[in-house]
2 protein chains.
Amino acid sequence: MTLVLTTYDWVPEFPRGFVRDIRVRWLLEELGRPYQVETVPVREKSPDHIANQPFAQVPFIRDGDLTLFESGAILLHLAEGTDLMPEDLRPQVQQWLIAALNSVEPFIMAWAINKFFDKDEAGAARREPLLHQRLAQLQAALGNRDWLTGDSFTVADLLMADILRIPAQNGFLDDLHGLAAYTERATARPGFRKALADQMAHWRAADERQATA
Amino acid sequence: MTLVLTTYDWVPEFPRGFVRDIRVRWLLEELGRPYQVETVPVREKSPDHIANQPFAQVPFIRDGDLTLFESGAILLHLAEGTDLMPEDLRPQVQQWLIAALNSVEPFIMAWAINKFFDKDEAGAARREPLLHQRLAQLQAALGNRDWLTGDSFTVADLLMADILRIPAQNGFLDDLHGLAAYTERATARPGFRKALADQMAHWRAADERQATA
C-alpha cells in the first residue's frame, strides 16, 4: 500500500517551501520510496484532521495501518532500518535529531514569531544574541566533519539542515561559514531539490484550483 | 560500569526541581537502574563541559563508552528495550515524546521566557492564548485514556508530564481537569518523587559546600 502524506490544501506565499511536509518528502526521496499526497483544508480544521493531528497541523502520514503525526517522529519511523539511521549510531542520530527540534528550532521560531508574526522588531532583536550563540555552538560541535554523526548523511542531518534554512535565509549564517556550508551541502542533495520542487508545484496547483473554482 | 549522570554543581532557588536532569533521574528510578552523579560548574562553562554538551547545558550521561546529551535522546536511549518503550508502540511513543519536545514545550518556554526572564508581562500575555490552546488540544487527544499511548505508562508520558509541571504550577491546567489529573497521576509515581527528592538534596548539598567553602 502506498504511503500517504497529508498536507494543507493551500497556504499563502509566505510559508511556501517551509511547510513541514517538506521534511517527509525529502526523506522519502532519499529512500526512493513512492508516496501520494492528500490534503486537509487549511482554513477550516475538520474533526478528521484533528483525529489525525491533534494540534490541527500538518504533516501526518498513513503507512499501512499506522497513522503518525509530528514530523520528527515521522522521520524517525521512516528512517528505521535504513542507511539514514544506522543501527550502531542510533543514540547519536536520535541525539542530533532531538537537538534540532528542542535546542535549535525553538530559538529560531521564537525569533521568527517576534519578527514575522508579531512584527515586534524589539522582541526579535532581543532573541538574536541567543539564537546566534546557539548557531555558533552548533557550528563548533560540527567542527570539520561533513555530517553531525560523522562521514554519512543521516536523518538527523536532514532535519537539522531543513531547520537551518530559515536562519540561513535571514543572514544568521553569514559569519558562520562552516554551518552555512553544511546547510548548503545538505540542501544541494537531489532529494531536497525534488522535495522542494514538488512542494512548490503542490501550491501552484492549489492556486490554479482556486482560480478555476 | 555504573551510569554517570552529569548536572550542574549549583543553581539558584528558581529552577530547582526543574533542572532537566530530573527527567533522567526519574527514568532511572522507573527502571531501577543505579547511577552516580557528577557535576560541571554552572558559572564557568569548561571546555570539557562543552565537549560533552555543545550548548553548555545539562544533563549529559556516560553509559559505558557512550556519552550522550539532549534529555529527550537520553530518555529514548535508556528506555530502549524496556517496558517504557514497548517495541510494538515505538512509532507512537516516539511521536508523543517528540510532540512534548517540539509541539508543547516550546510554547511553555516562550511564555516562561517572557514572564520570568524578560519580566515582559505584555509579551507573556500575548503567548497565553496559544499555550492554552495547545494544552486544550493535548487534553482532547488524551481523552479518557490514562496514558498517551494507551493503558501503559511509557517514556513519552514521563517526558510530557515533566514538561506539564510548569503550566500546572502556573494555573494553566486549572480548567483542564483531565490534563491536570494526568500530570498528577504521573508525578505521583514513586519514581518521580524519588527523583525530585534526590535533585533537591543535590542542591542542598551544594549550598552546604558553598557555605563551608
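Bear in mind the structure is a predicted one, so any value in this text is a computation, not a measurement.
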> Can you find a pair of side-chain heavy atoms, one from A:Leu138 and one from B:Pro54, that are under 4.5 Å apart?
Replying inline: no
Distance-only check: which donor-acceptor pairs of chain A and chain B lie under 3.5 Å?
from, atom 1, to, atom 2, distance (Å)
A:Arg20, NH1, B:Asn102, OD1, 3.0
A:Gln57, OE1, B:Arg134, NH2, 3.3
A:Phe69, N, B:Gln95, OE1, 3.0
A:Glu70, OE1, B:Ser103, OG, 3.0
A:Glu70, OE2, B:Ser103, OG, 3.0
A:Gln95, OE1, B:Phe69, N, 3.0
A:Leu101, O, B:Asn102, ND2, 2.8
A:Asn102, OD1, B:Arg20, NH1, 3.0
A:Asn102, ND2, B:Leu101, O, 2.7
A:Asn102, ND2, B:Glu105, OE1, 3.0
A:Ser103, OG, B:Glu70, OE1, 3.0
A:Ser103, OG, B:Glu70, OE2, 3.0
A:Glu105, OE1, B:Asn102, ND2, 3.0
A:Asp118, OD2, B:Arg127, NH1, 3.4
A:Asp118, OD2, B:Arg127, NH2, 3.1
A:Asp120, OD2, B:Arg126, NH2, 3.4
A:Arg126, NH2, B:Asp120, OD2, 3.4
A:Arg127, NH1, B:Asp118, OD2, 3.4
A:Arg127, NH2, B:Asp118, OD2, 3.1
A:Arg134, NH2, B:Gln57, OE1, 3.3

>> With rounding to the nearest 0.5 angstrom, report the CG to CZ distance, B:Leu130 to A:Phe117.
In response: 10.0 Å
> Looking at A:Gly123, A:Ala110, A:Ala99, which makes the most heavy-atom pairs under 4.5 Å with chain B?
Replying inline: A:Ala99
>> Heavy-atom cut-off 4.5 Å, strictly under: side chain, backbone, both or neither for B:Ile74 against chain A?
In response: neither
> Quick one: of A:Pro106, A:Ala73, A:Ala51, who has the most non-hydrogen atom pairs under 4.5 Å with chain B?
Replying inline: A:Ala73
> Who passes ring pair (Phe, Tyr, Trp, His ring centres under 6.0 Å) against B:Phe14, sequence neighbours left out?
Replying inline: B:Phe116
>> Is B:Val104 close to chain A through its backbone or its side chain, or both, or neither, when contacts mean heavy atoms under 4.5 Å?
In response: side chain
> Non-hydrogen atoms of chain A under 4.5 Å away: do they reach the side chain of B:Leu66, the backbone, both or neither?
Replying inline: side chain
> Tell me, side chain or backbone of B:Leu97 under 4.5 Å from chain A's heavy atoms, or both, or neither?
Replying inline: side chain
